[in-house]
2 protein chains.
Amino acid sequence: MNNSASTSNGSTLHEIVRAEISRRITTGMYKPGDAITSIARLAEEFGVSSITVKRALSDLQSTGLLTSIPGKGIYVKDRFRLVCELDVGMSALGNIRSLGFQPKVQRISVTKERIEDVTLSVFNPPDRLLLCVRKVIYADEVPIVYESSFVPTNMSDKIVDEFGKRFIIDALKRYKVAVKEMSFIIDAAPASQEAQRVFSVPNSYPTLRRLYNLKTSAPTMSIVGIIESPFDRLACSVRPGSGRISKMNKKK
Amino acid sequence: MNNSASTSNGSTLHEIVRAEISRRITTGMYKPGDAITSIARLAEEFGVSSITVKRALSDLQSTGLLTSIPGKGIYVKDRFRLVCELDVGMSALGNIRSLGFQPKVQRISVTKERIEDVTLSVFNPPDRLLLCVRKVIYADEVPIVYESSFVPTNMSDKIVDEFGKRFIIDALKRYKVAVKEMSFIIDAAPASQEAQRVFSVPNSYPTLRRLYNLKTSAPTMSIVGIIESPFDRLACSVRPGSGRISKMNKKK
DNA sequence: GAGTGGTCTAGACCACCCT
DNA sequence: GGGTGGTCTAGACCACTCC
């Protein structure tokens, strides 16, 4: 390549190309929303094969810097991320709005199915047919959340209908259902197949997940679910209660 | 391919191959620790080019199912994940031990540097030279945590030395430094360059991160840092204080 | 030396978008 | 029709491991 050594020492060609494109993004030469130079041009410019450029750009899509639209070009992604408190993380609609974004909820499906996702088994959910509500939440038309929630089949239709319109917690609140207990597991994971479609991200795209288990009284029931978000669109803030700090390391 | 339609309908060839290999792992035909059939053999078996097989296997490495050792073969990864409470998440050594794993801490480096990572800027850290302690924590010789912590340069050498041997919180505790305040941001992110080396994972591998900000009294200081873990090795459990649930949705 | 995974290339084909 | 990204292929080369 004519751009000798340029940025960062990645030994391989596609690493060098990746670093250079990455540099052009961070320095603002390629701006968010813009299409970058086409693969063919880049291959010519760098003096490498087009496949090597494709490899570099593919990696940059996996790391969230670029996104491609087949037939059009490869674009620099907008860079904004919401940070929401975990406590209200499940009722982030107000949170989204207060941050200056326009929230939107779109129900994907309401089905009856068994829980197959193994990660939810940490909550020991019932192994029977449950009502599954799936929805997507947008901020300014950008999808930031994909949620699947599992509720008992005898749940009132009215409440289930609400589930598709807002976060579970909000829906329960509207119907005065008291939440008795609530636990979370937070983890990261490659985007699920559905999430890949919804978020337009490639196979191994990192996502932040919140798995939850709610227990309500009056009526008594257990609700579990998964909230999945692209890593570059949402983060959680947590401020452990100060009382807990002193309890730390009490194990065994 | 002779294995007609096999599993899951991915339209493209490498998706079909990926699904089939994935199936062989989940059904136990390829077992954790085992080497899978070589690329050349798979290409022959499926009747596709070796590059297509490589693509499929590469994707499976990105999703944590496989790991490769150049010159030897491609192996099925062991599947175990620690779930630790966020409160004690930073002093997980006892946690690791109580789960039946042998913990080990390895100090990587102690340097003086400015904070460059933009994600830490949410904590408004001081923009001056800080002491940076980097370390890796293992469970049964498997690296599960890569931590970078930034402390004031006037920190006592003895304490800094402790930082390299245990979690920050534990080190402070040992020296009776009181933690006044503590806040976390939890997010996901593609593995950083150093994490890729430490964890032997590819470029876009999903990791779970805990960014923290500690404020201590006697002496008064601010400590920030990042804890990075492979998504398939660690998750966090959080149980919001029950008092907080009632406060939910109070926004605006 | 045979086998392995990883990189790189040249070139073909397709589906798509925009005139 | 010309440009774009995405898939697939055949084949070459390298560094590595194991015997």
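Chain A is the first sequence line, chain B the second, and so forth, proteins listed ahead of strands; every chain is numbered from 1.
Nucleotide C/dC16 holds its P atom 15 Å from the NZ atom of A/Lys72, rounded to whole Å. For A/Leu13 and C/dG6, the CG to C1' distance is 13 Å, given to the nearest whole Å. Taking atom CD on B/Glu44 and atom P on D/dA10, their separation rounds to 13 Å, with Å as the unit. As a whole-Å value, the separation of A/Leu60 CG from D/dG6 P is 12 Å. At whole-Å resolution of the value, OH in A/Tyr75 and P in D/dG6 are 12 Å apart. One interatomic measurement links the two molecules: CZ of A/Phe46 to P of C/dT9, which rounds to 13 Å at whole-angstrom precision. Protein atom CZ of A/Arg18 is 11 Å distant from nucleotide atom P of C/dC8, rounded to whole Å. If you measure from atom CD of B/Gln61 to atom C1' of C/dT7, you get 14 Å, rounded to the nearest angstrom.
Checking the phosphate oxygens (OP1, OP2) of D/dG5, no side-chain nitrogen or oxygen of A/Lys54 falls inside 4.0 Å. Within the 4.0 Å cut-off from OP1 or OP2 of D/dC8, not a single side-chain nitrogen or oxygen of B/Arg55 is found. Distances shown here put a side-chain N or O of B/Ser68 below 4.0 Å from the OP1 or OP2 atom of C/dG6. At D/dT7, none of the side-chain N or O atoms of B/Thr52 fall inside 4.0 Å of OP1 or OP2 (strictly under the cut-off). For B/Thr12 and D/dG6, the shortest distance from a side-chain N or O to OP1 or OP2 is not below 4.0 Å.
Under a cut-off of 6.0 angstrom, the local environment of CZ in A/Arg114 is crowded, with over 12 non-hydrogen atoms contributed by other residues, nucleotides or ligands.
By the 30° and 60° cut-offs, the orientation of the rings of B/Tyr146 relative to B/Phe199 is perpendicular.
To the nearest 0.5 Å, atoms CZ (B/Phe231) and OH (B/Tyr205) are separated by 4.0 Å.
Within 4.0 Å of A/Leu57, counting heavy atoms only, lies no atom of the nucleic acid at all. A/Ile51 comes within 4.0 angstrom of a nucleotide base, judged by non-hydrogen atoms across all strands.
Of the two residues contacting DNA chain C, namely B/Ala40 and A/His14, the nearest-nucleotide position lying further toward the 5' end is that of B/Ala40.
Salt bridge annotation for B/Arg23-B/Glu20: present, with a cationic side-chain nitrogen under 4.0 angstrom from a carboxylate oxygen.
The side chain of B/Ser38 has C/dT4 as its nearest neighbour among C/dT9, C/dT4, D/dC8.
At a cut-off of 3.5 Å, with distance as the only test, no side-chain donor of A/Thr37 or A/Glu45 sits close to an acceptor on the other residue.
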